Amino acid sequence: MVRSGRGRVAKLWEQLAAHTPGGETPGVPAVCRAAPACLGVDGAWVTVSRGGMLREPACVSDPRARVLEELQVTLGEGPCVTALRAAAPVLVGDLASWDSQARWPAFAPAAVAAGAGAMFAFGLHVGAISVGVLTCYQQRPGPLGQQPVADALVLADITVQLLLDPHTARSLGEASGTDRATGARWIGRAEVHQATGMISVQLGVGLEEAFAQLRARAYAEDRPLTELAADVVAHRLRFDTDEPPT
Amino acid sequence: MVLPAEDTTMSDERLAETFVELADTLVDDFDLIEFWHRLVERCAALLDVDAAGLLIADLHGELALVAATSEPARMLEQLALHTDEGPHRECWSTGQAVNHPDLVTARDRWPQFTVAATQAGFAAVSALPMRLRTEVIGTMTLFLAAPGGLSPHAQRIAQALADVATIGVLQHRSIHHREMMIDQLQTALTSRVIIEQVKGVLSERLGIDLDTAFTLLRRHARHHGRRLGDVAAAVLDGTLPSADLTELTPPDPPEPATGR
């Protein structure tokens, strides 16, 4: 049920905490460790991208996941590479199928040989900005059920927050409904994305860099991202002048 | 707000035109976000309400504003995000239509919402569920500047339009499975973020406000039969120069069934 969303988020954060060494706060590595239990898959990895290319792995759950992750980077194709540019997740129930082999002629046979039967890749996006991919695999072919798909989409969203804004993401994990309402969850906030677009023109940089600048400033000034973004949108703050914020 | 009785013939015509127009839009591979925007605009005009917005539940269990009549969009967004209360939330959690014809008496029911809505100049509110079988995927919320609320007739039409908004999700690329619907909604929410980013780019580049930026995007998409998300992406990757968006200076062709 879509309406059970808040319960789903809380459950996933509990899983992340359960897969984090005692005393530490959950980070991206916990996503890979928790994914098998959360989604009923055999393993997962998160690859970070920059400038539209997949770069280094942020975490892998097991040795097979590492092999698969290396294959995708070496061969430059596969569900994960496709997912980096796709708005929707890339769900491949059978890597050995004719369709899969035709779609990824180098990767699909190699992945099957490495012991993967099915693969599900979720792009980590903030609108037009892609920060990486969360990929899960199963040894046996078979679809990912509707609940795991929904869980994986939320886990992907949490991963985006952990990659970009670990501080806020962690406080979100501990937050109750009211704290969430204060705007810590910026992903759904229009002004953050509008401000990113405006800053990219002010600085003559891409959206990725503009968003990084916005986050860096919020961090340096210890202000909520949403508040800073609202100032940019209201023309109270520009990024191309040295004036201090009002 | 209430459709006067003597207007029945006229509004029946407008009603028919609206449904024909919306049905015509539901072709293969149509643009869900543009469809939703058109729907709330038609809804506001047809029912003579002062503002309308569609809020869709994301997988986090948060309501996200996906379409709204222009002016109060910002207020609706704030309401959706800042408060855990309000007609939209009540409608979404119960699956039932919520009507409050006079916000003066709503302070106990929704303290924060009532203050915000009253400050924004609204006196009455209705929220209609977007129901899909046993699920509620979102709500259509209508605001009126004068107290009184919607007539039962207008309420039925509003619910029919909310149902059409839901059908839009189903129609899109013939969705048979629940997970495909999740994909569909998720994709719509992602392209909404892209559109917000591009609105920011255009407003800064062209020195215009965000609403005007959105109007330019929509107009270009409509003139060229492209999706809003595709036009937005083309602006970002530079294949569509911003100047091309402002070239279509002549006003939009008269639109049927708006009545405004």
Side-chain angles (χ1 to χ4, degrees), chain A residues 1-10 86-89 91 122-123 125-129 143-158 177-178 180-183 185 187-202 206-207 210-211 226 229 232-233 238, chain B residues 56-65 73-74 77-78 80-85 92-93 95 112 132 134-138 177-206 209-210 213 229 232-233 235-237 242:
Chain A
M1 287 279 287
V2 173
R3 268 185 289 172
S4 60
R6 289 186 181 203
R8 169 178 292 130
V9 177
L91 308 175
F122 301 83
H125 306 302
V126 183
I129 305 169
L144 195 62
Q146 64 180 54
Q147 289 304 330
V149 167
D151 284 343
L153 286 166
V154 173
L155 196 59
D157 230 3
I158 291 174
T178 9
R180 243 184 249 148
T182 59
R185 212 180 89 78
I187 262 178
R189 302 293 295 269
E191 65 266 37
V192 170
H193 311 304
Q194 293 160 352
T196 302
M198 292 170 74
I199 294 165
S200 82
V201 177
Q202 289 171 6
L207 288 173
F211 191 40
T226 47
V232 173
V233 170
R238 294 186 65 87
Chain B
I56 300 287
D58 69 15
L59 290 164
H60 294 257
E62 316 270 344
L63 289 170
L65 185 74
R74 176 117 191 102
E77 180 108 58
Q78 297 299 320
L81 289 159
H82 282 289
T83 63
D84 272 353
E85 46 149 76
W92 175 46
S93 58
Q112 288 174 293
L132 183 62
T134 58
E135 280 181 43
V136 183
I137 63 166
H177 305 297
R178 176 73 181 89
E179 56 259 56
M180 290 174 76
M181 193 192 80
I182 292 175
D183 274 16
Q184 188 52 52
L185 288 176
Q186 201 65 19
T187 308
L189 290 169
T190 300
S191 58
R192 176 184 162 271
V193 173
I194 298 179
I195 290 166
E196 298 301 339
Q197 291 167 336
V198 174
K199 277 162 68 177
V201 167
L202 288 175
S203 91
E204 189 68 25
R205 206 177 271 166
L206 303 172
D209 64 34
L210 292 161
V235 171
L236 284 182
D237 67 23
S242 313

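Here is the naming used below: chain letters follow the sequence lines, and residue numbers restart at 1 for every chain. Keep in mind that what you see is a predicted model, and the values were worked out from it rather than measured.
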Specify the closest pair of heavy atoms between [X] and [Y], including all atoms of both residues, with the distance to one decimal.
| X | Y | answer |
| --- | --- | --- |
| B:Ser203 | A:Met198 | OG-CG, 3.9 Å |
| B:Val201 | A:Ser200 | CG2-OG, 3.7 Å |
| B:Lys199 | A:Gln194 | NZ-NE2, 3.8 Å |
| A:Val126 | B:Val193 | C-CG1, 3.9 Å |
| B:Ile194 | A:Gly127 | CG1-C, 3.3 Å |

Quick one: are B:Gln197 and A:Ile129 in side-chain contact, heavy atoms under 4.5 Å?
yes
Sort A:Ala195 into side chain, backbone, both or neither according to what part of it lies under 4.5 angstrom from a heavy atom of chain B.
neither
Considering the options A:Glu191, A:His193, A:Arg189, which one meets the side chain to side chain contact (heavy atoms under 4.5 Å, CB included) requirement together with B:Glu196?
A:His193
